[in-house]
Amino acid sequence: MSQAQFDALIDADERIEPDDWMPDDYRKTLVRQIAQHAHSEIIGMQPEGEWIARAPSLHRKAILTAKVQDEAGHGMYLYGAAESLGVDRAELLDRLHNKTQKYSSIFNYATPEWADVGAIGWLVDGAAIANQVPLCRCSYGPYGRAMVRICKEESFHQRQGYQIMLTLSEGTPEQKAMAQRALDRWWWPSIMMFGPPDTESPNTARSMAWGIKRYTNDELRQQFVAATVPQVELLGLTVPDPDLVWNEERGQYDFSEPDWAEFATMVKGEGEIPNLRISTRRNAHTEGEWVREAAVAYAEKQQQRERVA
Amino acid sequence: MSDAWPLWEVFVRARRGLSHTHVGSVHAADGETALQAARDLFTRRQEGVSLWVVPSAEIVASDPSAEAELFEPAADKAYRFPTSYELPADVDHM
């Protein structure tokens, strides 16, 4: 295959598959994006994992355990997709551990209250879904297929989160106040999950031309706000943005500019929480070393026995 | 890690009566643990009733650059398809 054949496939909205020829930059962009996505899934297990033992009922524990297990699985699907581009999974994990590749800065926020678990499922997973649904049509086949599986599973995540918020909102005044505090904490970080404004996002045009990205950051952000505001109203809670207002003329919501300076700080990944995320992840990896080695030793011994027999 | 744990391709039979279909891959030390990993990763929601794992290195694949010579000739052979035969309306359901 050649550049011309690659271009023709992209123009026809066909998929690129692992063994196809592709431009180096297309491959590099995908490796970076898919790796960052995979890292986000497995780091994302931590803020919610902290709440499994403290969830208010056995039912909620079971739900949260299932969700955290799903996040691990999503990481595995995505590492698999990245590996189909010729990179090694161990190397990607090394790069997460030594901070040369990033994960989503949304996981650098703290989860001090139970309602945060609800807000994460509803808003963070909701924003992730808004991002991921168009990625199901990504021009790179294995990434798109991984996204299809992920989106199917992610829907339960958002619904269970909203249901936690609904239960708290219909509960005691204290419970409702806790739900509002969680909304206050997670609203802006979720809005910023879509990335910098289009004017500050230099790679968007190229990613769209390659069919990796289907909508711009601002388009997706707008879509998310439109879908989420009525859900806030149904909870009887208030969006922490005094300038949020329906614009009849545009048929869209107007809202304030997020605090992009805070976003830049969170993306840098410095400070107590980011350090904790990485050290927790690194320790889990190091503590599992003997299991990985033992499994290999066992497999080799079995093979030798088979050969002798 | 993945140097030591080879890659396995995973196939799931969604239900009896259907073929196994490729769903993805896992790293595992041997076939048995590959099956366990595949079970945990791909069938947590009743996605299947049977699993295959195959060492990825054992897959023999056609060359993507040979796609045209291998598969395009079929496009000239419309007579292989039932739709290229126009029949009277009375036997149209044939």
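Here is how names work: the chains are called A, B, and so on, in the same order as the sequence lines, proteins then strands, and each is numbered from 1.
- Salt bridge R45(B)/D70(A): present, at least one basic N to carboxylate O contact under 4.0 Å.
- Look at R281(A) and E41(A) and you find no salt bridge, because none of the NZ, NE, NH1 or NH2 atoms lies under 4.0 Å from a carboxylate O.
- Neither the backbone nor the side chain of E17(A) comes within contact range of chain B; no heavy atom of the residue lies under 4.5 Å from a heavy atom of that chain.
- Using a 3.5 Å distance cut-off with no hydrogens or angles, the side chains of Q46(B) and R15(B) do not pair a donor with an acceptor.
- The two residues A82(A) and V87(A) make their nearest non-hydrogen contact at O-CG2, 3.3 Å.
- D40(B) and Q36(B) share no donor-acceptor pair across their side chains, judged by distance under 3.5 Å alone.
- Looking at heavy atoms from C-beta onward, Q46(A) lies in side-chain contact with I43(A) at the 4.5 angstrom threshold.
- Interface remark: Y79(A) contributes no atoms to any contact with chain B (heavy atom separation under 4.5 Å).
- Aromatic ring centres of F11(B) and F42(B): separated by at least 6.0 Å.
- Residues of residues 132-161 of chain A lying under 4.5 angstrom from chain B, judged on non-hydrogen atoms, are R149(A), E153(A), F156(A) in numerical order.
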